[in-house]
Amino acid sequence: MFSSLTALSLPGRKARRLAAAALVSALAAAGVVTGAGPAVAAQDAAARGQGGATATIGGLKTHGLAVIHGADGDHEVPAGLFEMSVEGGGTLQTYCVDIQNPTQKDAKYQETPWSGTSLGTNKDAGRVRWILQNSYPQVNDLAALAKKAGVRGGLTEQDAAAGTQVAIWRYSDDTDVEAVDPQAERLADHLEKSARDLAEPAASLSLDPPAVSGRPGERIGPVTVRTNADGATVTPPVDATTGGVRIVDKKGEPVTSVTNGSQIFFEVPEDAAAGTADLTVQASTTVPVGRAFASESRSQTQILAGSSESTVAATASATWADRGPIPALSARKNCAEGALDITAVNKGDEPFTFELLDTEYTIEAGETRTVTVPLPEDRAYDFTIRGPAGLEQRFTGVLDCRTQSAALADTTRPLGEPAPTEVVTPTPTPDPNLAETGSSGATPLIGGAAIGLVVIGGAVLLFLRRRNER
């Protein structure tokens, strides 16, 4: 987990890693099929679908020590609060809920629904939130906290942070762990026994849905704003690149600011050529305690313990055309299924067809459908779906749904060290009836190491054949 954590060896990890590697080979052969129309700059579906705060982890700031009791012996680890710097301004304090994954240095994190993390399949996730709300730093009167927990001699900040983290781990990771300091251990026991189930907190800012489609000459939407901020600003598309598209309310009045529950629309001129456009909503607010933060570089999952006034943002897109398929695409990680859920809406008068993982999907005219794409654990994915009107939707990220990572099978590597990750990229699918397909050639850099996985031509068929034989 942390930079000073020694290597752990858990039974079955090697087998899990080999199984994941086999899935990577299959996923690498995934093609993307497009409709007609020229491609434009790729848009990051993951960022659009999430919304909220984006932050960079700065390291462990306030901590004590804990001991993990495992099958291979006891391991002493630091336990406590991390600090994150928010993109656009602000600071977050977090605890980890992924003890056996490494923390990547300077990893970027995105506010994420529980369903996109290991918390989504954890029946005790609500108890973790209770601990956060009833302990340090939300309760910063350490004398009162010590009295309530029955801790004689009081608590230091380090004791409070360590005890809180240990209590969280017992629910988030189902781990046999205890604090080294007796005061911290007493606090951990109190929090574990007192914890009650609480609901997941709402996002600091989200747009629902994050992608819409329609025809020129009409207001396309609505897109509903969900936020705990008092107000937010709207940045409309740039007229020079979108042909005069405006952001308006349901009455057609221009919109530059919104509040929770506001509905906004893309107003597209009747003579506009087929195209796409984005809008961004931004606000300043405190992020709700208990929100999860996940990294696209497989750095360990975090959960929010405290927030300053911070910048949060969300993006929505619109696609329009006067005829043919008119798709809108968005994505959300689904840890319950170990998959990425891609929601496709077709507001056109013809079917929209695309292909993923050797499976062709057709979204009929007027249909909304969610496609569940299975993905291997702890492996970067990167694929693109292109469509008419210049639509080009890129999906990138890492599915990190298990607290015991299959990537930790290499027991010679300290857990705090960055680990290279294979990047799953699609290859062109030759089909004379469909437009050219593919993905960006960008390969994520993880801990300074870049591993690109490129599969072309006959290799694609070979990988698909091997997967089908299994």
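Here Glu192 does not pair with Arg127 in a salt bridge; the nearest charged N to carboxylate O distance is not below 4.0 Å. Salt bridge Lys333/Glu296: present, at least one basic N to carboxylate O contact under 4.0 Å. Ion pair Asp189/Arg170 flagged as a salt bridge, since at least one NZ, NE, NH1 or NH2 atom sits closer than 4.0 Å to an Asp/Glu carboxylate oxygen. The residues Arg332 and Glu337 are annotated as not salt-bridged, no charged nitrogen and carboxylate oxygen being separated by less than 4.0 angstrom. In summary, Glu200 and Arg291 engage in a salt bridge, as defined by a charged side-chain N under 4.0 Å from a carboxylate O.
Shortest non-hydrogen contact noted between Phe266 and Ser317 is CZ-C, 3.9 Å. Residues Leu119 and Ile303 approach most closely at CD1-CD1, 3.9 Å, considering heavy atoms. In plain terms, the two heavy atoms of Ala162 and Ala184 that are nearest each other are CB-CB, 4.2 Å. The nearest pair of heavy atoms linking Thr403 to Val97 is CG2-O, 3.9 Å. The shortest non-hydrogen separation linking Thr343 to Thr370 is OG1-OG1, 3.1 Å. Across all non-hydrogen atoms, the minimal contact from Phe293 to Met84 is CB-CE, 4.4 Å.
Each of Thr103, Asp400, Asp98 was scored for a side chain to side chain donor-acceptor pair (under 3.5 Å) with Gln300, with one residue passing: Thr103.
Within the structure, every pair that satisfies the side chain to side chain donor-acceptor pair (under 3.5 Å) test and touches residues 59-69, not counting sequence neighbours, is listed here: His69-Asp74, His69-Glu178.
Counting non-hydrogen atoms of other residues, nucleotides and ligands closer than 6.0 Å to CG of Asp176 gives a total above 12. Remark: Asp141 CG is packed, more than 12 non-hydrogen atoms of other residues, nucleotides or ligands lying under 6.0 Å away.
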- Query: What do the steps show when you test Thr372 against Asp341 for side-chain hydrogen bond (donor to acceptor under 3.5 Å, both in side chains), and what is the final call?
  - Reply: CA-CA 5 Å; Thr372 299; Asp341 284 342; 2.9 Å; yes
- Step by step, would you call Arg369 with Glu364 a salt bridge (Lys or Arg N to Asp or Glu O under 4.0 Å)? CA-CA 9 Å; Arg369 185 178 175 189; Glu364 299 294 339; over 6 Å; no
- Start with the C-alpha gap between Ile57 and Phe82, add the side-chain angles, then the distance that decides, and say whether side-chain contact (heavy atoms from CB on, under 4.5 Å) holds. CA-CA 7 Å; Ile57 197 162; Phe82 284 90; 3.6 Å; yes
- From CA spacing to verdict: side-chain hydrogen bond (donor to acceptor under 3.5 Å, both in side chains), Ser297, Ser295: CA-CA 5 Å; Ser297 62; Ser295 171; 2.9 Å; yes
- Worked verdict on Glu111 versus Ser204 for side-chain hydrogen bond (donor to acceptor under 3.5 Å, both in side chains): CA-CA 8 Å; Glu111 185 180 339; Ser204 59; 2.6 Å; yes
- Message: Apply side-chain hydrogen bond (donor to acceptor under 3.5 Å, both in side chains) to residues Ser299 and Gln104 and explain how you reach the verdict.
- Response: CA-CA 5 Å; Ser299 189; Gln104 307 289 351; 5.8 Å; no
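For the atom pair Thr319 OG1 and Leu329 CG, the distance stands at 7.5 Å (nearest 0.5 Å). From Gln93, atom CD reaches atom CG of Leu81 across 5.0 Å, with rounding to the nearest 0.5 Å. In this structure, CG on Leu304 lies 10.5 Å from CZ on Arg129, to the nearest 0.5 angstrom. Rounded to the nearest 0.5 Å, atoms OG1 (Thr164) and CH2 (Trp169) are 11.5 Å apart. Atom CD1 of Ile264 sits about 6.0 Å away from atom CG of Leu207, to the nearest 0.5 Å. Interatomic distance, Ile99 CD1 to His75 NE2, rounded to the nearest 0.5 Å: 11.0 Å.
A donor-acceptor pair is defined here as one N or O able to donate and one able to accept, closer than 3.5 Å; no such pair exists between the side chain of Ser135 and the backbone of Ile131.
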